Structures are given as C-alpha cells and as structure tokens.
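These notes are about the structure you will find just below.
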Protein chains: 2
Amino acid sequence: MATRGVSVTNKLREAVLGGDYAGGTRLNEVDLAEALAVSRTPIRAALSTLAAEGLLEYRPNSGYVVKAFAAKDIEGIYVVRADLEGLCARLVAQQGLSDLHRGLIHKVLEESEQLQNAEDWTDEVSDVWRDLNDRFHNTLIEASGNSHLAMMLRKSRAIPLLNQLKFRWFDVATLARSHDDHCQVFAAITSGQVVRAESIAAEHVYRSGQRIIEHWRKMDTRKPAAAAKARAA
Amino acid sequence: MATRGVSVTNKLREAVLGGDYAGGTRLNEVDLAEALAVSRTPIRAALSTLAAEGLLEYRPNSGYVVKAFAAKDIEGIYVVRADLEGLCARLVAQQGLSDLHRGLIHKVLEESEQLQNAEDWTDEVSDVWRDLNDRFHNTLIEASGNSHLAMMLRKSRAIPLLNQLKFRWFDVATLARSHDDHCQVFAAITSGQVVRAESIAAEHVYRSGQRIIEHWRKMDTRKPAAAAKARAA
DNA sequence: ATCATGGCGATTGCATACATTCAAAGCTGG
DNA sequence: CCAGCTTTGAATGTATGCAATCGCCATGAT
C-alpha cells in the first residue's frame, strides 16, 4: 500500500475530476482531514500537488479553491489537445508502428467494430466505448515514444466534470463517425501518410471537443447558482 | 513577503533549472532545511510542487531525485514545443494582433535590430538577446489568449541546465537568422498568412532545439561521472 | 450614512516529535 | 568464502501544537 499522501492525492484528484466539487469551491483542510480520516499533513501535500497539476488554485494564507472552467477555457484546451494529438499521429506515422502496438490498435478497432452492432444502448456500452477510445489514444501516445508529449496530453485530458458527461454524450451516429476516424488514422499511419494522419487525428479530436463544448454551455447556465451555493456553504 | 513555502519553492526551482544539482541527484530534506534555514515542512511542500511540475521525480518512502534529461528527452520536448509555438503563431495570425501586442512586438524587433550592430560580444549582450527572445515569445503567447497553451509552453521551456548554456550558445550568424525568423513570423501574422506563420514559428523553434541538442550531447559525455558522484554522495 | 479601525474567530503556515519504512552493513551458519 | 538472515541507522511519513495571517463584523468618528 502506498503512503497516505499518495492515496489521498488520488482520491482527491478523482473527486475533483469527477465533479464532486463545483468550480470555485473552497477546500477546507480540517474538513477534508476529518472526512478522509487522516491528519492535515497528507491533505496539504495532496492539495499542493493538485494545485501544481492545475486542478486547484492556491492563494497563500487563503487556501485552495477548485478551478472553475468556462466554456472558453474548454475550447482553449481542446485546441491544444487537437494539435498535440495531431502531432502524435504524425510522429507515429513517421517512425512506423511496432508489431506490438499495431496489434493493440487492431484489437481495439475490431472490438469497436463489434460494438457498432450492439442493439441496446446501455450505460455499460457507454463505458466500454469510453474504454476503447482511451485505449486507442493511449496506445498511439505510447507508440510515439515521446514521454513529454504523453505528459502534455494527459494534462490536456484531465478536465473536471468531463467524465460526468458520459451519459448521453454521444449517439450511434457520432460513435460510428468516431470509429471511422480511428480507422482512417490507423490506415494513414500504416501506409505512412504523415500529413493525412495528422490532419484526421487533429480534426477528430477537435470535433469531439466541439460536441463537448456544446454540452458544457448548457450546463454553464446552472453554474452561477452552484458557485453561489458553494460560496454560501 | 510570501510564505516560506512559496519562497523556498522558487529558490529550489531556480536552483534545479540553473543546473545546481546534476540529474539524478538525491535531495535530502534535512540538508535542504538546514541550508535554507527553515523546517522540513516548507521543504516538503516545495519538493512536492516541483515534482508535480516535472522537475523532480518522487518515489514514496524513498524521496525526491532531480530528473535526468538525456539528449533524446530534450529532442522530444523540442518537438512538442516547436509544434505548440507553431500553433500559437497560427492562432495569433487567425485572430489578429491587438494594438498593444503589435506595439510590444514591434519594439522588441527594433531593439533586436539595434543589437545586430553591437561590435563587442559580451555576456551582457547575450543576456539582452535572451531577454528580447523571451519577450517576443511571451508576447505571442499572451496574444493567443489561450491560458492552457501558455501553461504547456511554460512547462516545455522549463528544462534544467538550459540557462546554463547561455555562454557560446549562439554566434552572430545564428542571432541574425533568429532575428530574421522573428521578423518573418511577425510579417506573416500581420498579413494574416496563418499557414506561413505556423510553419516559420515551428521551424524556428525546432532549429534552435537542434542547436541545443548538439551542445547537450557534448556535455552528456561527462554526465555518467556526475551521476555516479551523486549516487556515491 | 459611509468609511476607517480595531479586535475576534477561523484557517492556514510552520516546527517538531514520533512512527514507519527501506536499504545497507554486519553477523552467523554452512 | 558466500548466502541469507538480522540488525541497525538514516531517511521519509504522519500527527499535532502553536504561531501568523486574513477576513469579517462591530464600533466609533467624521
């Protein structure tokens, strides 16, 4: 078992990313310590870490507040992420795929293909698709062999509340389109079409970002109320 | 005055970036506390922060070690940075420059122009050029209005030892070329040539990365000795 | 009524004592 | 001499007490 500091950091990160705390919520050290049954020390370590990761904002002598993301921020993040995923695809196309990685991606695409035929659209299917999508992107990142790029993309994907939107995030049509994009990126990579690989991958991410921003704007209307409630509490 | 935690973090960050500790050096909490005349608490906070920033590596129950960068890592970082600076230039070209930012960049370019005529090549000139270069890039980043992009680029530029290489980093020819690149990026932006702006900016950064990697490889030979010494200490 | 001010409560910042863990030196038996 | 166990010490992990700071509210003067 890891140290309390690490485990508290993970728990807190998950909570923030999961949207348990509304943006702007102030995090009280003693409350958190009490809730997680540890002393303030590991809590402080966790808060410090999460602040450095960009999930919290720190103000000396004042404490930590959950960073609030506006629709404009999400757009900015997705512009960057789309560009980086494009770069990633380009790098992989340039240097070629190892047998291992090609096999992994092939498997993902096959499972995705099967998922298309699923008649009932349950939350479970949603989760499976999410997992497949993650595996596709993560395998590509790993195949790029660029650990710094990997870190940047990880940070660009760690946005609070995003996981909460998984329900009704996509319908059959968007899933089909997404799967098709994946196939084309893979095809471009295996045939060494670097420019195509980059364009398609970037556009693929950018499009999904646009969809998310739409949903975000809808939730954003209720945001002020949540922020106010947080301030009152 | 800020809290001890913050000030210690800044001091330590500067030390690591300045190359005061060789890559692989183990950072002892009590020694640091003694050296900086504070208790272990703010030291631990600083170490935690720097680890989250990617400058240190943390292993539970073992402590923090200064991250070691190989030439391959530097190359990976510069590939990402070149891409992001390209994105930055593209964004600015797309949305146009405000009068404020145009003025700032214009001033930087003028001062750079004057610097070309400096006959003696002292370290002071080196520092001035460094400052001008930073201002050019920072202004562009600010003009992009994308705070997430700004954060990513900041991280991509924070590499230990890089500042230490400032002596003999560039000669008159490379400075002239660099200045010319800046001018062309500016011209492309003001005339709305988005693709050119992106290409030139990316290539500009990539080239300077290549130059740095060359120098890095030369220093890398003495690296194993330094690492061994650190391990022994 | 508004603004300044001073104290009060709550929260964070820091130091230190103690617990825990890991690793390397030393010891014992073969 | 070596292998494996034991021990020991030095480092990190955690809890807690106290100090410092900030924001808020009440009080008073202009």
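This structure is a prediction, so every number in the text was calculated from the model and none was measured. So that the names make sense, note that chain A is the first sequence line, chain B the second, and so on, each numbered from 1.
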Legend entry - Nearest-nucleotide comparison on DNA chain D, the residue closer to the 5′ end among Gly5(A) and Ser62(A):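 Nearest nucleotide further toward 5': that of Gly5(A).
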
Legend entry - Arg59(A) vs Ser39(A), nearer the 5' end of DNA chain D by closest nucleotide: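 Nearer the 5' end of the strand: Ser39(A).
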
Whole angstrom is fine here: how far is it from [atom1] in [X] over to [atom2] in [N]?
| X | N | atom1 | atom2 | answer |
| --- | --- | --- | --- | --- |
| Leu56(A) | dT12(C) | CG | C1' | 15 Å |
| Arg44(B) | dT12(C) | CZ | C1' | 18 Å |
| Asp31(A) | dT11(C) | CG | C1' | 10 Å |
| Glu34(A) | dT12(C) | CD | P | 13 Å |
| Arg4(A) | dT20(C) | CZ | P | 9 Å |
| Arg40(A) | dC14(C) | CZ | C1' | 10 Å |
| Ile43(A) | dT11(C) | CD1 | P | 15 Å |

Inset, instruction - Go through DNA chain D in 5' to 3' direction and return only the first and the last nucleotide with some atom under 4.0 Å of chain A's heavy atoms. - result: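 So the contact region on DNA chain D extends dG13(D) to dC22(D).
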
Legend entry - Asn28(A) side-chain N/O to dT11(C) phosphate OP1/OP2 under 4.0 Å: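 Result: yes.
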
Legend entry - Out of dA17(C), dC14(C), dT11(C), whichever nucleotide has its closest atom nearest the side chain of Arg26(A):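 In terms of side-chain proximity for Arg26(A), the closest of dA17(C), dC14(C), dT11(C) is dT11(C).
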
Base, sugar-phosphate or nothing for [X]? Non-hydrogen atoms, less than 4.0 Å.
| X | value |
| --- | --- |
| Leu47(B) | nothing |
| Tyr58(B) | sugar-phosphate |
| Thr41(A) | base |

Legend entry - From NZ (Lys67(B)) to CZ (Phe69(B)), nearest 0.5 Å: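 That separation rounds to 5.5 Å.
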
Legend entry - Test log, rule salt bridge (charged side-chain N to carboxylate O under 4.0 Å, His left out), inputs Asp127(A) and Arg130(A): CA-CA 5 Å; Asp127(A) 282 341; Arg130(A) 185 172 203 73; 5.8 Å; no

Inset, instruction - For the pair His137(A) and His204(A), name the ring-plane relationship: parallel under 30°, tilted 30 to 60°, perpendicular over 60°. - result: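 If you compare the ring of His137(A) with that of His204(A), the planes turn out parallel.
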
Inset, instruction - Measure the shortest side-chain to side-chain distance between Val66(B) and Leu27(B) over non-hydrogen atoms and say whether it is less than 4.5 angstrom. - result: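 Yes. Closest side-chain heavy atoms under 4.5 Å.
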
Inset, instruction - Start with the C-alpha gap between Lys155(A) and Glu53(A), add the side-chain angles, then the distance that decides, and say whether salt bridge (charged side-chain N to carboxylate O under 4.0 Å, His left out) holds. - result: CA-CA 8 Å; Lys155(A) 272 202 203 303; Glu53(A) 287 181 8; 5.8 Å; no

Legend entry - Over all atoms of both residues, closest heavy-atom pair of Gly145(A) and Gln95(A):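 The answer is N-NE2, 4.4 Å.
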
Legend entry - Qualifying residue for side-chain contact (heavy atoms from CB on, under 4.5 Å) with Phe136(B), from Ile105(B), Ile141(B), Asp131(B):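 When side-chain contact (heavy atoms from CB on, under 4.5 Å) is applied between Phe136(B) and each of Ile105(B), Ile141(B), Asp131(B), only Ile105(B) qualifies.
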
